[in-house]
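Here's the structure we're looking at; comments come further down.
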Amino acid sequence: MADTTIKVDPAVRDRLQELARDRGITMRDLLAELADATPTKEELAQRYEETKAYVEEHFLGRPYTEEDEKAGEALWTGIVSGRLGEVQE
């Protein structure tokens, strides 16, 4: 595998070196891990469609709707805010 140079600000380089050192790996391996773990827009869209199809088949038994999405967002907001399970008056 041929090496190449990526030009970044010194602060970014230093941060990448620190992250790699903390993990006990090289900066080369860190960048490879970051690239592998970061999905593209197309990959995210594919995951969304696959997840939606799974939820429709295994949980809803019907098409996923805009109302389902709004309910999910409200549930997530409640979880993040710590209000989930509180009595709402």
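If you're wondering where the values come from, they're calculated on a predicted model, not measured in any experiment. All values below were derived from every heavy atom in this structure, side-chain atoms included, with hydrogens, water molecules and symmetry-related copies excluded.
Shown here for Ala20 and Leu30, the closest heavy-atom pair between the two residues is N-CD2, 3.7 Å. Listed here is the closest heavy atom pair of Arg83 and Ser81: NE-OG, 2.8 Å.
The line from CG of Leu31 to OG1 of Thr26 is 8.5 Å long, rounded to the nearest 0.5 Å. Separating the CG atom in Leu16 from the CG atom in Leu34 is a distance of 7.5 Å, to the nearest 0.5 Å. To the nearest 0.5 Å, atom CG of residue Asp22 and atom CD of residue Gln17 are 12.0 Å apart. Residue Arg62 holds its CZ atom at 5.0 Å from OG1 of Thr65, rounded to the nearest 0.5 Å.
The pair Lys52-Asp68 does not meet the salt-bridge criterion, since no charged nitrogen lies less than 4.0 angstrom from a carboxylate oxygen.
Taking the side chain as every heavy atom from C-beta outward, Glu33 and Ile25 approach each other to under 4.5 Å.
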Worked check of side chain to side chain contact (heavy atoms under 4.5 Å, CB included) between Arg13 and Met27: CA-CA 9 Å; Arg13 179 207 57 218; Met27 192 183 317; 4.3 Å; yes
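When atom types are taken as modelled, the side chain of Thr38 and the backbone of Ala35 share no donor-acceptor pair closer than 3.5 angstrom. With hydrogens and angles disregarded, no donor-acceptor distance shorter than 3.5 Å links the side chain of Glu56 to the backbone of Pro63.
A 6.0 Å sphere centred on OH of Tyr48 holds more than 12 heavy atoms belonging to other residues, nucleotides or ligands. Counting non-hydrogen atoms of other residues, nucleotides and ligands closer than 6.0 Å to CD of Glu66 gives a total of 12 or fewer. In the displayed structure, Arg15 atom CZ is contacted under 6.0 Å by at most 12 heavy atoms of other residues, nucleotides or ligands.
With sequence neighbours left out, Arg28 forms a side-chain hydrogen bond (donor to acceptor under 3.5 Å, both in side chains) with Asp3.
Side-chain atoms of Glu50 and Gln46 include a donor-acceptor pair closer than 3.5 Å.
Criterion: ILVMFWY side-chain heavy atoms under 4.5 Å apart, direct or through other members. Under it, Leu19 and Ile6 are part of a common hydrophobic cluster.
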